[in-house]
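Accompanying notes for the structure given below.
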Amino acid sequence: MRRVLLLLAALACVPLGAALDNGFRADDYQFLTAVRSAPDPGALLGIQHDVAFYRPVALLLFAGEHALFGLRAGLYLLFNALLHGAIALAGFRLLRRLGVEPSAALLAAGLFLVGVAHLDKQVTWACTSGGLLAVLLVLVALLAEADPRRSGAGTAALAALLAPFAHELGLLLVPLLLLRRALGAGPITARPRGWGAALLALGVVPWAVSALLLGSAGADTTAGGLGSPAAVLAAALRYVGYFGLAVLPVPATGGGVPAALSRALLGAQWALGAGVVLACARLLAARTARPGLRFLAGWALLAVLPYAAIPLPAGWLELRYLYFAALPLTALAATLLLRLGAPGGWRRGLAAGIAVAMVLGSLGLALVIERRNDAAARSPENLAQRAAVEANAAR
């Protein structure tokens with residue numbers, strides 16, 4: 001299985017290597033402006049007018065990158081890729097500590113490593129934006145708190161203090177710690193129900209096919225907010241739809257997709273999402289299910305919740321925002337896959353085929369996203385911004 005993880009790591013480097021020349025884009029310039037205009041590092045702890053969110057820990061990390069790498073954007077990308085790899089390793093250790101079987105934990109870490117959720121804003125942008133660092137702090141806190149050999153309360157408390165200032169998702173760390181305390185942690189031995197195998201078989205294979213066929217389609221924007229009953233209903237539908245994107249990350253509307261196909265894809269996303277939500281809720285409520293699997297189900301339900309109330313791009317590009325939920329969802333999928341393939345014969349072949357489809361689908365989407373990012377980096381507007389930054393640096 002170690003060879004499998006190394007192979008997945010190599011595959012993850014394919015879109016990463018193609019993105020090394022993409023340079024700075026979009027929010028990168030806000031962070032560059034804030035760092036270059038700060039009279040001293042302490043000034044980065046205050047509110048920055050050019051940065052939309054208050055993320056001083058992420059900004060300090062970017063300042064360190066800027067001090068080391070200057071305007072060599074490819075080095076920022078490599079550093080962020082190392083952060084993503086550290087998260088995959090910490091995720092593997094956490095899954096094992098929660099009692100997930102070794103093969104399932106390794107497969108989950110590998111699929112997370114090659115998964116499309118880490119692309120674009122999280123890695124392909126040189127700016128860390130806090131997401132990577134916040135998730136790493138969350139995993140460190142959960143690892144410390146779940147260590148049966150010693151008390152990790154101090155480490156968990158420090159991570160809980162820093163995580164919200166790296167990214168707003170860090171606010172979910174304390175509820176996660178409370179959830180883990182309430183459910184405990186133990187080995188996953190309960191046999192999954194038939195819905196798991198059916199969900200993966202019906203969802204993940206179309207993911208790969210549709211990603212490769214429709215990956216070049218664009219995306220529109222979904223309105224957000226909770227100001228009315230209609231908005232609450234829309235948020236609930238978005239919440240369910242996000243879980244569907246975990247197995248069918250394709251554009252449901254716009255982007256040149258025919259109307260009939262758009263409606264079919266949207267219905268498939270909602271149907272698959274409803275199945276995942278119900279499955280997670282059943283695991284969380286089942287007293288007979290092992291605590292580790294129940295915790296992962298609760299983590300997934302909690303991690304997706306904030307995204308339902310805010311405006312985000314619609315379609316498969318939304319998957320890049322699910323970084324915080326990617327590990328528990330991947331771990332649940334990997335556990336079901338290995339349970340499905342355990343008896344051997346055609347079921348083992350089906351499980352292997354689904355795993356391959358997940359990897360190929362992620363790589364297909366990753367390359368599509370990288371081509372879009374490359375085009376954006378070479379646009380006249382971005383080249384003008386880059387030239388202005390270089391001119392200021394030369395003074």
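Small disclaimer: the values here were computed from a predicted structure and weren't measured. One is the number of the first residue; the rest follow in order along the sequence. These values consider heavy atoms only, across backbone and side chains, with no hydrogens, waters or symmetry-generated copies.
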Please enumerate all residues that pass side chain to side chain contact (heavy atoms under 4.5 Å, CB included) together with Leu383, with sequence neighbours excluded. none
Residue pair Leu44 / Ala34: nearest heavy atoms and the distance that separates them: CD2-O, 3.7 Å
Which atom pair, heavy atoms only, marks the closest approach of Val35 to Phe62? CG2-CD2, 3.7 Å
Taking atom CG of Leu176 and atom CG of Leu139, what is their separation to the nearest 0.5 Å? 10.0 Å
Checking Glu168 now: which residues fulfil side-chain hydrogen bond (donor to acceptor under 3.5 Å, both in side chains) with it, not counting sequence neighbours? Arg55
Residues that, via side-chain heavy atoms closer than 4.5 angstrom, fall in one hydrophobic cluster with Val174: Leu178
Taking all non-hydrogen atoms of both residues, which atom of Ala134 and which atom of Ala163 are closest, and how far apart? CB-O, 4.1 Å
Just to verify, what does Arg72 make a side-chain hydrogen bond (donor to acceptor under 3.5 Å, both in side chains) with, not counting sequence neighbours? none
By side-chain hydrogen bond (donor to acceptor under 3.5 Å, both in side chains), which residues pair with Arg386, not counting sequence neighbours? Glu390
Contacts of Ala105 meeting side chain to side chain contact (heavy atoms under 4.5 Å, CB included) (sequence neighbours excluded), chain-then-number -> Phe92, Leu95, Arg96, Val100
Taking the side chain as C-beta and beyond, is there a heavy-atom pair between Leu296 and Leu98 under 4.5 Å? yes
Could you work out, with salt bridge (Lys or Arg N to Asp or Glu O under 4.0 Å) as the rule, every residue matching Arg378, not counting sequence neighbours? Asp21, Asp374
Ala156 and Leu177 have their tightest heavy-atom pair at CB-CD1, 4.5 Å
For Tyr29, side-chain hydrogen bond (donor to acceptor under 3.5 Å, both in side chains) partners two or more places apart: Asn382
By side chain to side chain contact (heavy atoms under 4.5 Å, CB included), which residues pair with Tyr239, not counting sequence neighbours? Phe243, Val277, Leu301, Val304, Leu305, Ala308
Which word best sums up how the rings of Phe24 and Tyr76 line up, parallel for under 30°, tilted for 30 to 60°, or perpendicular for over 60°? perpendicular
Check Cys280 against Ala297 and note the closest heavy-atom contact, atom names and distance. O-CB, 3.5 Å
Apply side chain to side chain contact (heavy atoms under 4.5 Å, CB included) to Leu169 and list each qualifying residue two or more places apart in sequence or on a separate chain. His167, Leu172, Pro306, Tyr307, Phe324
Ala43 and Ala38: which non-hydrogen atoms are nearest, and at how many Å? CB-CB, 4.2 Å
